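This report refers to the structure that appears directly beneath it.
Just so it is clear, the model here is predicted, and its values are computed rather than measured.
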There are 2 protein chains.
Amino acid sequence: MATIKDVAKLASVSVSTASIALNGNKNVKTETRVRVLEAAKKLNYRKNGSAADLKKSQTKTLALIVDDLSGPFFSELIKGVQDVTLSKGYDLITCSAIGGENSTPTRFLLEKRTDGVIILAHTLKNEMILHASMEGFPIVLLDRQLDSRHTIHIQVDNEQGAYNAVHYLISLGHRSIAYVSGNATSTDNHCRYRGFQKAMDEFGLEQPDKWNISGSFTEEGGYHTTKMLIMQGQLPSAIFYANDEMAIGGIQAFSEKGIKVPEDVSIIGFDDILLSRYTTPALTTIHQPKYEMGSLAAHLIFRALSGESFEQQLYTLETRLVKRSSCRQV
Amino acid sequence: MATIKDVAKLASVSVSTASIALNGNKNVKTETRVRVLEAAKKLNYRKNGSAADLKKSQTKTLALIVDDLSGPFFSELIKGVQDVTLSKGYDLITCSAIGGENSTPTRFLLEKRTDGVIILAHTLKNEMILHASMEGFPIVLLDRQLDSRHTIHIQVDNEQGAYNAVHYLISLGHRSIAYVSGNATSTDNHCRYRGFQKAMDEFGLEQPDKWNISGSFTEEGGYHTTKMLIMQGQLPSAIFYANDEMAIGGIQAFSEKGIKVPEDVSIIGFDDILLSRYTTPALTTIHQPKYEMGSLAAHLIFRALSGESFEQQLYTLETRLVKRSSCRQV
DNA sequence: CTGTTAGCGCTTTCAT
DNA sequence: ATGAAAGCGCTAACAG
């Protein structure tokens, strides 16, 4: 493997001149540059990025760490991040947090391989993030709180979103509303449930225990909990699913039992994932500004990188009700 | 930022001993190791990955380069890659090829930052890949041919898949079948069209020019070409869309005009993206083994990395017909 | 415009 | 079991 030394030798210049020429710097005679470039080509020279990084102590790279690269959230988020990263001339790499303690993310968080990192991953331990956080290494945490002076937080107003969802259902005339919960341990789930309750309380609505069921944040989870709901006999007139994936599983379960949405039961989801537009009926849901989240996150990283310090460390984004066809007026 | 030197000093050992202790090597007295680890903790020491890579000349990292991280293809592919990468104790990072010549992928291809790379990206220039390819740096190209001794190729049998699709349509009794083409420049598109033609020829079926329309491989492309098809008056009894996204756009266009699928027109797609299960009607399509593709790609990388040389440089994967509800018997 | 020089932080022989 | 020393490949003063 040819190094810059070999190139310099073949072009009969010093290593530094070779470096300058190779990196497109102006301060070289065109003739010399050409000679160096030709030598590089002849030797099939490839710069060693690690060596350059080591020397320059910045990598011009950002990392995005997510739990699941194939998740419905990821694709829209990344667009937001990517658009601004690219516009700043930075590279973006993404990796998944699955694989536990000593896997990929560790190296990016702990080994100074990127200039900053954006995290949307709950499997990553607090401890590790805390350990990585330090002056001059911006970390933006999405949908996750951490008590550290060195991290920046972006969250979505889950409570308000859930409140709006239920409020909408009530405005449509629904009075018996069930909550199908996601993972009980999830903060998102808690906030959404709080919003649900707040709206119910405000309108003096009861919610029998049997209509408060919990599953996991997946299509399957939604499917099974809905089956249970159906088996219990009497259905509520509307159901609030803690996320779209669950709602989609729910639609499936209803359809199998010949129960019509929204004629027999109205349902509303949360997230507004791409799929929710395509289900039958199209899913009414609470839109999360995923793109904005990504782009804000990247912006904040760059602001931090340019030395700005933040009085504000928590940014809250608003949700939006998206009316489609899964809720009816009663 | 504390370096290993600082740690060594604080622990009153030499740098080499510190390195050994820090990397969990056996040859240190437990007492010494503890002292080093404590010093590291106190100084909040973080290893500089670039320096380590520079020295070790392997990164234990693979890169996956795709055109679009948010594309429907990506998520299934990555699972396949990730599963085997993880099992080998390697890291996987992904990046998008958008951004042109001197963007992220360049650095991974050309700057020795990873031990190997898997590419599913058509925006990356041949020239660049060729330039990167060399002994000892395995590159696996998906759905793309290149004339280089140093690259390994995996492709899906697009022609056979398309042939099967059309054959199925014909077996259902369809005789007038249109082909809605993707980007004319795409090899995939060519192969699929060849398969289409082969089947048509075999059964002595004509295809009027007006039923051979081309768009782009997107939902929008499918939508617009379908609109055009409709405007031309007489419809074929079945349509083969060059991919699922286009077919989904087509369904949309038909639905807007009150034309029923599959009652009025049967449609079939290609790819079997996740979404195709959820459209109304659910889309009949040709399944591409995306997961298998990813996992095979990763396997081949590791085999190459372990010094194996390949007589075979082209692997062809078979497709599979997935019958859902968008085609009817005539 | 070009060459000399001094490391970046780490790993790794080779002695001890 | 530990330390001294060399050097991975590159960049960036600085001097000429």
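For DNA chain D, the residues of residues 18-34 of chain B within the heavy-atom distance limit of 4.0 Å (strictly under) are N27(B), V28(B), K29(B), T32(B), sorted by number. For the contact set between residues 5-16 of chain B and DNA chain C, defined by any heavy atom under 4.0 Å, the members are V15(B), S16(B). Taking every heavy atom of residues 37-56 of chain A and every atom of DNA chain C, pairs under 4.0 Å involve L54(A), K55(A), by number.
Tested against F137(B), the residues T151(B), T114(B), D115(B) include a single side-chain contact (heavy atoms from CB on, under 4.5 Å) partner, T114(B). The side-chain contact (heavy atoms from CB on, under 4.5 Å) test with I78(A) singles out one residue from L92(A), V66(A), T85(A), and that residue is L92(A).
Within the 4.5 Å cutoff, the side chain of L62(A) has no heavy atoms near those of the V81(A) side chain. Between M128(B) and L110(B), the closest side-chain pair of non-hydrogen atoms falls below 4.5 Å.
From the 5' end on, the contacts that DNA chain C makes with chain A at under 4.0 Å to a non-hydrogen atom open and close at dC1(C) to dG9(C). Boundaries of the chain B contact region on DNA chain D are dA1(D) to dG9(D), first to last in 5' to 3' order (nucleotide atom under 4.0 Å from a heavy atom).
Put simply, the side chain of T61(B) gets close to the backbone of T59(B): a donor and an acceptor are under 3.5 Å apart. D83(A) contributes no side-chain N or O that, together with a main-chain N or O of G80(A), makes up a donor-acceptor pair within less than 3.5 Å. Under the 3.5 Å distance criterion, the side-chain polar atoms of K290(B) are matched with a main-chain donor or acceptor of D271(B).
Applying the salt bridge (charged side-chain N to carboxylate O under 4.0 Å, His left out) test to every pair with at least one member in residues 58-77 of chain B, sequence neighbours left out, gives no pairs at all.
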Mind listing the side-chain donor-acceptor pairs of residues 27-35 of chain A below 3.5 Å, one per line with the distance, residues two or more places apart or on another chain?
| residue | atom | partner | partner atom | Å |
| --- | --- | --- | --- | --- |
| R33(A) | NH2 | N25(A) | O | 2.3 |
| R35(A) | NE | A11(A) | O | 3.0 |
| R35(A) | NH2 | A11(A) | O | 3.2 |

Listing, residues 41-52 of chain A side-chain donor-acceptor contacts under 3.5 Å, not counting sequence neighbours, or none:
| residue | atom | partner | partner atom | Å |
| --- | --- | --- | --- | --- |
| R46(A) | NH1 | A132(B) | O | 3.3 |
| K47(A) | NZ | N23(A) | OD1 | 3.3 |
| N48(A) | OD1 | S50(A) | N | 2.9 |
| N48(A) | OD1 | A51(A) | N | 3.2 |

Indicate every side-chain donor-acceptor pair of residues 292-303 of chain A with a distance under 3.5 Å to a residue at least two apart or in another chain.
| residue | atom | partner | partner atom | Å |
| --- | --- | --- | --- | --- |
| R303(A) | NE | E308(A) | OE1 | 3.3 |
| R303(A) | NE | E308(A) | OE2 | 3.0 |
| R303(A) | NH2 | E308(A) | OE2 | 2.6 |

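End-to-end axis angle of the helix from dC1(C)-dG16(D) to dT16(C)-dA1(D), using five pairs per end and rounding to 10°, comes to 30°.
Residue E135(B) qualifies as open at atom CD: its count of foreign heavy atoms under 6.0 Å is 12 or below.
Mapped onto DNA chain D by nearest heavy atom, T17(B) and T3(A) fall at different nucleotides, with T17(B) at the one closer to the 5' end.
The two residues P105(B) and I65(B) have their closest heavy-atom pair at CB-CD1, 3.7 Å.
Residues that satisfy the salt bridge (charged side-chain N to carboxylate O under 4.0 Å, His left out) test with D188(B), not counting sequence neighbours, are R192(B). Under the side chain to side chain donor-acceptor pair (under 3.5 Å) criterion, S216(A) pairs with T218(A), sequence neighbours left out.
In this structure, E127(A) does not pair ionically with K125(A), as no charged nitrogen and carboxylate oxygen lie closer than 4.0 Å.
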Side chain to side chain contact (heavy atoms under 4.5 Å, CB included) between L305(B) and Y90(B), intermediate numbers included
CA-CA 12 Å; L305(B) 242 23; Y90(B) 264 60; 4.0 Å; yes
